[in-house]
Protein chains: 6
Amino acid sequence: MTENIHNPMHEPRYCGIPTFMRAPLVTDLKPLDIALVGVPYDGAVEARSGARQGPRQIRDMSSMMRAIHHVTRINPYELCKIGDVGDVHFNQIFDIEASQNDITSFYNQLHQAGIVPLSAGGDHSITLPIMRAIAADQPVGMVHIDAHTDCCNEEMNSKYSHGTPFRRAVEEGLLDPKRTIQIGIRGAANSPECWEFGPKQGIRIIYIEEFNELGLEKVNKEIKQVVGDGPTYLTFDIDSIDPSLAPGTGTPEIGGLTSFEAQQLIRGLRGLNFVGADVVEVSPPFDPSGMTALIGATMMYEILCILADKLNPKVP
Amino acid sequence: MTENIHNPMHEPRYCGIPTFMRAPLVTDLKPLDIALVGVPYDGAVEARSGARQGPRQIRDMSSMMRAIHHVTRINPYELCKIGDVGDVHFNQIFDIEASQNDITSFYNQLHQAGIVPLSAGGDHSITLPIMRAIAADQPVGMVHIDAHTDCCNEEMNSKYSHGTPFRRAVEEGLLDPKRTIQIGIRGAANSPECWEFGPKQGIRIIYIEEFNELGLEKVNKEIKQVVGDGPTYLTFDIDSIDPSLAPGTGTPEIGGLTSFEAQQLIRGLRGLNFVGADVVEVSPPFDPSGMTALIGATMMYEILCILADKLNPKVP
Amino acid sequence: MTENIHNPMHEPRYCGIPTFMRAPLVTDLKPLDIALVGVPYDGAVEARSGARQGPRQIRDMSSMMRAIHHVTRINPYELCKIGDVGDVHFNQIFDIEASQNDITSFYNQLHQAGIVPLSAGGDHSITLPIMRAIAADQPVGMVHIDAHTDCCNEEMNSKYSHGTPFRRAVEEGLLDPKRTIQIGIRGAANSPECWEFGPKQGIRIIYIEEFNELGLEKVNKEIKQVVGDGPTYLTFDIDSIDPSLAPGTGTPEIGGLTSFEAQQLIRGLRGLNFVGADVVEVSPPFDPSGMTALIGATMMYEILCILADKLNPKVP
Amino acid sequence: MTENIHNPMHEPRYCGIPTFMRAPLVTDLKPLDIALVGVPYDGAVEARSGARQGPRQIRDMSSMMRAIHHVTRINPYELCKIGDVGDVHFNQIFDIEASQNDITSFYNQLHQAGIVPLSAGGDHSITLPIMRAIAADQPVGMVHIDAHTDCCNEEMNSKYSHGTPFRRAVEEGLLDPKRTIQIGIRGAANSPECWEFGPKQGIRIIYIEEFNELGLEKVNKEIKQVVGDGPTYLTFDIDSIDPSLAPGTGTPEIGGLTSFEAQQLIRGLRGLNFVGADVVEVSPPFDPSGMTALIGATMMYEILCILADKLNPKVP
Amino acid sequence: MTENIHNPMHEPRYCGIPTFMRAPLVTDLKPLDIALVGVPYDGAVEARSGARQGPRQIRDMSSMMRAIHHVTRINPYELCKIGDVGDVHFNQIFDIEASQNDITSFYNQLHQAGIVPLSAGGDHSITLPIMRAIAADQPVGMVHIDAHTDCCNEEMNSKYSHGTPFRRAVEEGLLDPKRTIQIGIRGAANSPECWEFGPKQGIRIIYIEEFNELGLEKVNKEIKQVVGDGPTYLTFDIDSIDPSLAPGTGTPEIGGLTSFEAQQLIRGLRGLNFVGADVVEVSPPFDPSGMTALIGATMMYEILCILADKLNPKVP
Amino acid sequence: MTENIHNPMHEPRYCGIPTFMRAPLVTDLKPLDIALVGVPYDGAVEARSGARQGPRQIRDMSSMMRAIHHVTRINPYELCKIGDVGDVHFNQIFDIEASQNDITSFYNQLHQAGIVPLSAGGDHSITLPIMRAIAADQPVGMVHIDAHTDCCNEEMNSKYSHGTPFRRAVEEGLLDPKRTIQIGIRGAANSPECWEFGPKQGIRIIYIEEFNELGLEKVNKEIKQVVGDGPTYLTFDIDSIDPSLAPGTGTPEIGGLTSFEAQQLIRGLRGLNFVGADVVEVSPPFDPSGMTALIGATMMYEILCILADKLNPKVP
């Protein structure tokens, strides 16, 4: 398989059917260490939709990715077996709970095969059903980079929206709030409950203002303190990035991270015990230059490097 | 009220808060003959979404509309009391059936007040709950201009999608298929059932090829024959227009109507007994030039002229 | 000069500083037969502005033009001396009348040198001050292709807007209404006066509906009947074209001409006694694909062919 | 009224006719503390136009705003009565001075009713006629965030352009230069006079280079020193933001503020005695992603919080 | 394989890795009747490039295609074994002749396996090396729908550009000029040689003017007369379509076909003996709405139907 | 000539045929000190093309430039004779080496006339043939601001691509690696050779991470140490800028410079002995807002100031 990986890497970037980062498209899960998955679902969005088209555009732009990381010199393809396993299949896209079950079923397969999933959404509601598969045995900690806490109780009178997944995950015992940290939070709210739920449960919130004051080094130190060595999930909402830099998203909040800061944040997570990760809320219809998808793709690559490094730390 | 109508008409088009066609924004329904309504709902779409933003962009572009029609010299504002009554309010946007109930409730109010609604969608699923209000007492005939029959039985395992409303309307006794005509149909299908249901029920389908062969005059004649004098609904799906001309829609099918043909079609309907009308499936995120919304707005104006003329035919 | 013309014609289209149709940029007017002029002015627009940027984008796209017409085989550069003389210079852009004087002064020079100007606007208000130079000696007839009559008395309480130039031109004795024909007129109005002024003066209006009924051949015949052999001006407003085809304009009205119809219209004018021509109302900020400017540039080329042919009819 | 405010806040963001920040649309000025006003005027621009469409697009994007500030926890709607009073009406848009009179008349009404206006432009020329109403009784100080000083003597041979308002305001005794500070200034000039007028009068200019050296804290301290406790106006030109982040503006100058810096600047102004504020120069035709309008809307929200807090400082 | 085809057809259109028309991605050529091929090459373009990205965007938009044709009721997937075989691999993209060899090698494989290729370009230079494989044994006739004859002798001093393939093909004995017809030709030229070469060789050119005069029926009749029963190639240049409808192309010429006319042209070719076909010159960077790629994808579907019907004419 | 320069500077920015920064278009090289040159060539790009259109769009946006620098108060037009000399002429655009010869010939003329060229690309392959003219007599040092080292050995099996120029320049003895510094390097690679070649030769690479750690002051100090007093070339690849800020480029790598940092970098180079400079890789088709071209134009202006200052340091 390794050889197949290398071929598309050496072709012009616009050639071939786009898989995530030019990884091979696989149907046989067995040999995989890390699965790249698309979750084209945005049925739980209350503002601007379009994240259903996220996996496609991220795959397209991800052909810009190459193998060896310029800072860490990690080549994830040498460390692990990595493949694009395609998209989750949906049977009833108009029913949130049925769609969540479709997602959980898909990830159960991966989880049972011992494969670490790295996913591209879709809206942020997808992380809850992913966790139902991954954290079925024991709750996970979480590094959550986002403009929003996504800890509301309800949105539009629904328990399941892209603004509620982590409240549900705590309630369902999937997410350990004491091992959870949220970074980049900002933007006004109509009720303070979204900000208050987490801290009451033990979640550490680093608002964007505190992020900018602390600086990357201290933030990365604190992340490691909070999540510790236990199994941890990494979820990256593209709206953590400043929307002038990444306009292709449904609920933009100005004053966010730069893509360099996001890269440094992720690089700082090297060594953590990640059991899965996702990049969500890329909405191509609002992304005229395609740069939001490029950031999303590069975040996947940055995450892939730390996942591969942890699974098989051949690189010093 | 007439005077208020005239003022925004004389201001520069970019001025003021946009209502449909610069009509007054009204909260008191009583004095109205025709209500302009927005239905910002696209939760029943299985391809590209975004029609939830349709009413806003149509309102914005509709400031380009003026009062007197250049062909018929109808000035609808002199014939009828016309107001923008705002948007339907939704309580559970993630639940199709609950949202349909919200729509029906809104139109029940209008219907009971004897007001003819002219609506802007939203996806085509909204026409079913509108009919549940308007056709509660007796089934309506329909002039349906569209690329698709919207007579599928199910889409994505749901009875209620934007591809099924007219099958449901026939089944629910809201729509009289023998007084129904569909114009502009085209595009491949995965099953022939969407094309077959209607004709079996008595619906007349004029595919785009037949439309082009017959010509506007004969088509308009046949429309009148089919729908007759009874209460009739007019529904205009923007994807009837060729998508190169109107790209801002979710399910584009090439080879469609020109906007001139659509105007002529509607002008030819003058005198019919319309009890309501809508323009649906304008999806602003796919409309970089805004021309789809302009066509949608102009179709609303063309329809407004024939509605006002029928209600109060002061113009010869 | 002929040789200089040919060089840029053989370079790749994206090369070089863009002049109109890759004609030489000239400062010495003497040897010219036809001057290509830019009039970057949109200070008289009451809807969407941006036509001030028209000459630049038309020049850019006009590099797509080549020398020999595929139907008539006219090569204007072999028949006449043609140059791009740059843009009119404005001294007080915030003052409509002062700006009109700047325009008239510029065209006086051309007129006195016996040069036929072919201009790119700018909004339609520019045609009045051009006529003040060109028709100073005797009134001209006019072929006017547009969605609007531009014969209003006032817009926004101003006598001089882009909706009034031809009323002023008739009043000032520059335009002979009996030798004037307007083609493509459409779109609602807030007052019928814009439609009524012309016919009262003897102007022939062919609304778009009549245009479509008559067909190109009869329209072209009637144009020739109306304008006759006298000195005539040709003014082409890009909003005559359907705005789905040419969205880059300030006052779009759906249901317009195709670009093929516009080409045929102009080709049909061969042999008329044109003393000047313009293409106006191309507004680049609303033209995401650039096709409006391409249509504008091609219309200039089509007009150039008939101007050159008339001035020096070497081609049979 | 408070209750009405809350309703649109709980609807999906794409619903309803867009008012500024979903505030109620009001016609009765009496109960208001703060009026949100649109000034759709760009007739004094010498580069790229389009700011006439600013109020509309800002209103549209401002539906993304919510009630409670995430840092200060100010909820302006609980502190003050806030309403959208619509747009200034213009009678002669082609005449700068007449238009300025229309603006002054509108703000005179607000001023006499004791209402603090928070406005959305329009080009920067609108601030002068606003000041003529607000500062009629006594000169105001000013916090001016912009890429340009707007203190030229003339542009295009006009005393009144968007590059001259503050020179005129000083000359007319409306603006106290010693209580005026300009932040973010940058970009080359054809004459040094625009940079020299202010300092000669006592205006403090913080160029972008000095801003970056000093840092936000020191800049905010100096602002307070300069403007003191007297009545002060806050004017925010969107071109202060880096144009890669906010491209939708007419005179972009690279190397500007981030939106986070702008937010922090405004938050630092809490407690100052503002008698009015505006956000100007948002030009939608140059804003393909809509993010410029989102920044403009968020700046209005940030300013609204400090205005409401000052008027009724119930929040500690 | 048939079953696999049906699955992606029933999923939402935005799901899954995009293959041409949701056909299965195949690596084993054996069972195929028709191969869908991408040729991402635009190295022979002298105006605007970008067609290298054509196969990707066509694949993406082609998910809008479904199985059964609405006019002919042909379901190509029931008639033939159809698969997406991916893209041609290029080894030296900066060398036109080497790249042509890469193309020929790829199609040799298909040709030797008796598979009919339906390709997406890429610029029009790709058809020559395709013909070198397909027409190796005997010259083919050709139906060529395009704005340009592509029969120049040289462009930019090169024998191999996208403006020369059919001159070369005639010279190399691959193309039988007497069985060749070109439809839709238009646009000025710098030398008449591109128009003159073909007719001298026996090629029939139907310029767009003649096309519009004759009408579809007569054109289709003449096509059949010209190409007869022999092996024939069908090449569809997207610039045959009017560029306002299909702006995403490198050398736009206004005044072209509508997409409906193009569909009817292709439907009229049913029964001809096609040995291969392509759709070329879709350039995504110039296609802001994506409609050019949708037209390209639909043309591929229309062609697929007539290819499948010919190979296995089970449908009456 | 000085007077001519001043006129376009005082006209509205959208007026006139666009030359670089409104400098006069010159054909007589003799009186020039600095030549502004366009090199519209992108034939050596292996990812996304379009830089061939760079000179045109940079010229267009560069009308936003003015004369006097706001920090240094340098007015380059008072210090030097500056003119736009147009574009390099290409004879065989499909042949990389022939095109490079065309470039070298053009710059030989400038070099022999003692003129310092400031160029706009075009892809980065153009710098090699420029150096063949400029560094013919003695090797130059280089300040190279870029995301990529452009020191690969081959791309797509070609020695001459936009990823290889500086390896070739070192090999050809044109570039002194010990006097070369590369700043802003980032992004993964498929082979480490691109990063390793330079340092082995003595090139100093400052990756973006080190750049951010060191800060501008130290970086500028080190640049001066590395390049010293000898003749030096400055090459600015627009992809050094973060692609969310400057999306209009072919090989975007997130996490780059801000435009302010780029300005400061260039200002810090004042006093160095530059013999030429370029700004490359601006690709307009990927630049929907035009801000990439604006950054490119402003970089040219910043560089022009330091070039003019060095040549004629009249300003203290």
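Chain letters run A, B, ... following the sequence lines, proteins first and then strands; every chain starts at 1.
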What option among D/A189, D/G187, D/A47, D/G256 has the most heavy-atom pairs under 4.5 Å with chain F?
D/A189

Note: vs chain F, highest number of non-hydrogen pairs under 4.5 angstrom among D/P192, D/G255, D/P247, D/A188 is D/A188

Non-hydrogen atoms of chain F under 4.5 Å away: do they reach the side chain of D/P252, the backbone, both or neither?
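For D/P252, heavy atoms of backbone and side chain both lie under 4.5 Å from chain F.
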
Enumerate, by atom name, each donor-acceptor pair separated by under 3.5 Å where one atom lies in chain D and the other in chain F.
residue	atom	partner	partner atom	Å
D/E46	OE1	F/R13	NE	3.3
D/E46	OE1	F/R13	NH2	3.4
D/E46	OE2	F/R13	NH2	3.4
D/G187	N	F/H70	ND1	3.2
D/A188	O	F/R66	NH1	2.5
D/A189	N	F/I68	O	3.0
D/A189	O	F/A67	N	3.4
D/A189	O	F/I68	N	2.7
D/N190	OD1	F/A67	N	2.9
D/N190	ND2	F/M9	O	2.8
D/Y207	OH	F/R73	NH2	3.2
D/E209	OE1	F/H70	NE2	3.1
D/E209	OE2	F/H70	NE2	3.0
D/E209	OE2	F/R267	NH1	2.7
D/D242	OD1	F/S259	OG	3.2
D/S244	OG	F/L245	O	2.9
D/E253	OE2	F/R66	NH1	3.1
D/E253	OE2	F/R66	NH2	2.9
D/G255	N	F/S259	OG	3.2

Relative to chain D, which segment of F/M61 carries a heavy atom at a distance below 4.5 Å: side chain, backbone, both, or neither?
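Contact with chain D involves the side chain of F/M61 alone.
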
